[in-house]
Q: 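Below is one structure. I have some questions about it.
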Amino acid sequence: MAELRIAVDADQDGPGGRLQPLDEHGQPTGPVERVRELAAAMAAREQAQRPRWVWAATDEVYVRLLPQLPASRLGRCHDVKLVEPLLLAQEGAYGEPRSLGAAWARLRGLPVPRDLPLGLAAAEADAHAQDALFAPDRSRLEPGVDPLTALVAVHTEQLRRLAALPEQDRHGLRLLVAAESAGGLVAAEMAYDGLPWSTTVHDALLEELLGARPTAAQAASGARPPKLAALGIELQEALHARQLNPDSPGQVLQAFAKQGVSLTSTRNWMLRQVDHPAAPLLLRYKELSRVYAAHAWAWRDAWVRGGRFRPEYVVGGVVSGRWASRGGGALQIPRILRGAVVADPGWRLVVADAGQLEPRVLAALSGDPGLIRAGAAGDLYAGLAADAFGGDRARAKLGLLGAMYGQTSGEVGPLLAILRRRFPQAMGLVEAAARTGEAGGTVRSRLGRVCPPPSAAWQDATAAAYGGDVDALAEEGGGRAGSAARSRGRFTRNFVIQASAADWALALIAALRRRLAELPPGPAGERPRLVFFQHDEIVVHSPIALAEAVAATVTASAEEARRLVFGDTPVHFPMDTHIVERYADAKGGEPTDSELDDEEGPGF
DNA sequence: AACTAACGCGCC
DNA sequence: AAAGGGCGCGTTAGTT
């Protein structure tokens, strides 16, 4: 069955807009239709036709529609602004502007408008747009260009470019395009729905950790919360330094030196090795000091409203395909505060993370039989240890992480030699990626996301060195050039894994979003909502009655993602799933195997 | 005073 | 000699 697509142009002012039906090649199949209530018109067509909605940018169009849509929302979309950089990278272009206006300008041979900064909040972006030479709106179209005309033309061209890709890349890219667009929907919805955040529990945690909140006047004069101040005094006593400012690394180093402890920095990993009573005090001080500065009362005043934490998620914000976020440090909520993420009364949190995702991705990518066997029983690192490290799980994990990140120093070196001997296909894959990067090349994720090429500065630094012998340069080249070559090797080495893991995670949330929408709503029409996504972990806020079904849906979605991204791999990506009232109660345990679930192609 | 770069540390 | 990937955000040190 040919897929119905509908292009959407929302009026800049007011609730109306225009719709145009398209065929699977993006060609119009009917006239442009003007509607007075865009959201209502789209909701009706969603019910009747289940089209793929085509628009300039989800973070522009869908964000405005969301408050007016029914709870069932919309199913699928094609986001021109998210797709454009994926295609540009296929064509060897990187860092080009990605807006509809930019794509239109390239198509027509016109001057290409710069992008607005990625992930800019709507109000801020509109302020920027006012100043810009080119465009009065966020699509960056020149005045006088019909947005719907440009959208239809650019969309058709994107489909043509997809179809023109080499056959071996086409399938993966089509999947990536669909998944990236679905990610846009999820990101907009997560920002709109918000993460349930209990001010009461947050307060209790802060009280316990820091004591009472300083008054505005106290805070202005630099006063710290009572428990932090008390810890500072303890630290002064432990170091016999009355005037010590614990926030000053220089003073702390001096004080330790006077106690006969010679440190080169106050980094946490260094302090953990120090045998002095002041070291644990300082570590605790720094931990609490960070909570106070980054995630305490001031943070909450800025980011929590109506019992919801509402950050902004930036799809495609990381070159590997991971999401970035803006505002409130959404992807860095300290574990110590996760108790404040509390389900509403009558609701639960379904918390699931993909245990040991990256080594499993390496196993699937490389097809290495030893690594596949190591992960088959559950704990991959334990399997690896039993197989090759005399049962020493810690060393097995250290070695494999070192292989994936490009670490060579310390005790990792000998571990790599063991891994090379026992898992030659897996090690061969990451080392080939490193060599490609060192030589200035690019690498691809499983679905075909391409890493950025090296910068001009990198090429200048490395081109002349060692007479162009990149292998020798990376192996033994000193100075900036050798260091730059090795650094890029570590980046491309990690990219193939991190970006392929991001492919899988994106397919996971796309499948999960669709499957959650297919669940029957609760008795009062309540719907489970995906409220958090952090690289390899998701949280669904669900009515209690649906929580078990949601947990099963997560498992099925992980299995769907496995099949879509890795085909017939024997590797599984088990989700560790918990139904809890508080995020903090979802303790990580041993991974369990997902159930098999057969079905047809991607529905997102 | 306002800005920038480097650093450290939170998360994965 | 140096020798661990990706981010966001707050602080500090240095600059203008």
Side-chain angles (χ1 to χ4, degrees), chain A residues 118-119 222 245-252 265-272 282-283 285-296 298-299 302-303 311-314 316-338 353-359 361-362 397-413 415-416 430 433-434 437 443 445 449 451-452 474-502 505 532-538 583 588:
Chain A
L118 211 57
N245 172 9
D247 292 317
S248 165
Q251 287 185 33
V252 171
S265 81
T266 61
R267 292 188 183 107
N268 289 345
W269 64 266
M270 192 168 265
L271 286 171
R272 282 189 208 104
L282 181 56
L283 282 167
Y285 180 89
K286 287 168 63 168
E287 183 183 20
L288 295 183
S289 181
R290 180 141 198 108
V291 167
Y292 176 53
H295 280 100
W299 171 86
W303 295 106
E312 184 178 2
Y313 299 92
V314 187
V318 182
V319 292
S320 66
R322 280 185 174 182
W323 292 9
S325 69
R326 276 175 57 102
L331 303 183
Q332 302 126 261
I333 302 170
R335 290 179 162 274
I336 203 171
L337 291 181
R338 289 188 180 181
D353 77 288
Q356 306 171 335
L357 177 60
E358 297 201 342
V361 164
L362 175 57
K397 181 175 179 177
L398 195 67
L400 194 53
L401 289 174
M404 293 190 295
Y405 290 151
Q407 186 176 10
T408 56
S409 65
E411 55 179 311
V412 173
L415 305 180
L416 295 180
V430 291
V443 295
S445 75
R449 195 185 298 268
C451 83
E475 187 70 27
E476 61 205 48
R480 276 198 14 254
S483 167
R486 286 186 292 273
S487 171
R488 181 161 173 85
R490 290 192 297 276
F491 167 63
T492 50
R493 170 195 291 264
N494 184 253
F495 182 95
V496 293
I497 299 170
Q498 186 184 119
S500 299
F532 196 58
F533 166 52
Q534 185 178 36
H535 313 313
D536 60 359
E537 180 175 18
I538 56 101
Y583 190 8

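Just so we're clear, the structure is a prediction, and the values are computed from it rather than from any experiment. A note on names: the letters A, B, ... follow the listed sequences, proteins ahead of strands, and every chain is numbered from 1.
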Q: With A:Val252 as reference, evaluate A:Asp247, A:Leu271, A:Thr266 under the side-chain contact (heavy atoms from CB on, under 4.5 Å) test and give the passing residue.
A: A:Thr266
Q: By a 5.5 angstrom centroid cut-off and a 30 degree plane limit, is there stacking between A:Tyr405 and C:dG4?
A: no
Q: Check every atom of C:dC7, C:dT11, B:dG10 against the side chain of A:Pro334 and return the nucleotide holding the closest atom.
A: B:dG10
Q: Please work out if A:Arg338 contacts a base, only the sugar-phosphate, or nothing of the nucleic acid, heavy-atom cut-off 4.0 Å.
A: sugar-phosphate
Q: Measure OH/A:Tyr292 against P/C:dG10 and give the value in whole Å, please.
A: 13 Å
Q: Over all heavy atoms of both residues, which pair between A:Phe495 and A:Ser445 is shortest? Give the atoms and the distance, please.
A: CE2-N, 4.0 Å
Q: Nearest to the side chain of A:Arg490 - B:dG10, C:dG4, C:dG10?
A: C:dG4
Q: Report the distance from atom CH2 of A:Trp269 to atom P of B:dC7, rounded to the nearest whole Å.
A: 15 Å
Q: Once you round it to whole Å, what is the distance between C1' of B:dG8 and CG of A:Leu288?
A: 16 Å
Q: Closest to the A:Val318 side chain: C:dC7, B:dC11, C:dG5?
A: C:dC7
Q: Which residue lies toward the 5' end of DNA chain C, A:His535 or A:Arg486, if each is placed at its nearest nucleotide?
A: A:Arg486
Q: Identify which nucleotide among C:dG6, B:dG8, C:dG4 has an atom closest to any side-chain atom of A:Gln407, counting heavy atoms from C-beta outward.
A: C:dG4
Q: If I pick the P atom on C:dG4 and the same atom on B:dG8, what distance separates them, to the nearest angstrom?
A: 16 Å
Q: Roughly, in whole Å, what's the span from CG in A:Asp536 to C1' in C:dC7?
A: 14 Å
Q: What's the CG-P distance between A:Leu362 and C:dG5, to the nearest Å?
A: 17 Å
Q: For the residue pair A:Trp323 and A:Gly316, what are the closest heavy atoms and their distance?
A: CD1-N, 4.5 Å
Q: Looking for any heavy atom pair under 4.0 Å, which part of the strands does A:Gly328 touch: base, sugar-phosphate only, or nothing?
A: sugar-phosphate
Q: For residues A:Ser320 and A:His535, determine if any side-chain heavy atom of one lies less than 4.5 Å from a side-chain heavy atom of the other.
A: no
Q: Separation of A:Leu331 atom CG from B:dG10 atom P, in whole Å?
A: 16 Å
Q: Between the side-chain atoms of A:Gln498 and the base atoms of C:dG6, is any donor-acceptor pair under 3.5 Å?
A: no
Q: Applying a 4.0 Å non-hydrogen cut-off, can you work out what A:Gly327 is touching in the nucleic acid: base, sugar-phosphate, or nothing?
A: sugar-phosphate
Q: Does B:dC9 have OP1 or OP2 under 4.0 Å away from a side-chain N or O of A:Lys286?
A: yes
Q: If you take all heavy atoms of A:Pro246 and A:Leu282, which pair is closest and at what distance?
A: O-CD1, 4.3 Å
Q: In whole angstroms, how far is the C1' atom of B:dC12 from the CE atom of A:Met404?
A: 12 Å
Q: OP1, OP2 of C:dG4 versus side-chain N and O of A:Thr408: anything below 4.0 Å?
A: yes
Q: Would you indicate, yes or no, if B:dC9 has its OP1 or OP2 atom less than 4.0 angstrom from a side-chain nitrogen or oxygen of A:Asn268?
A: yes
Q: Does the base of B:dC12 carry an N or O that pairs as donor and acceptor with the side chain of A:Arg322 under 3.5 Å?
A: yes
Q: Within this structure, what is the CZ-to-P distance between A:Arg290 and C:dT12, rounded to whole angstrom?
A: 12 Å
Q: Is the phosphate of B:dG8 approached by A:Thr266 (side-chain N or O, under 4.0 Å from OP1 or OP2)?
A: no
Q: Can you figure out which of C:dT12, C:dG8, B:dC12 approaches the side chain of A:Asp247 most closely?
A: C:dT12
Q: So, does A:Arg335 get its side chain near the phosphate of B:dC12, meaning an N or O under 4.0 Å from OP1 or OP2?
A: yes
Q: For the pair A:Arg493 (side chain) and A:Ala433 (backbone), establish whether a donor and an acceptor sit closer than 3.5 Å, ignoring hydrogens and angles.
A: no
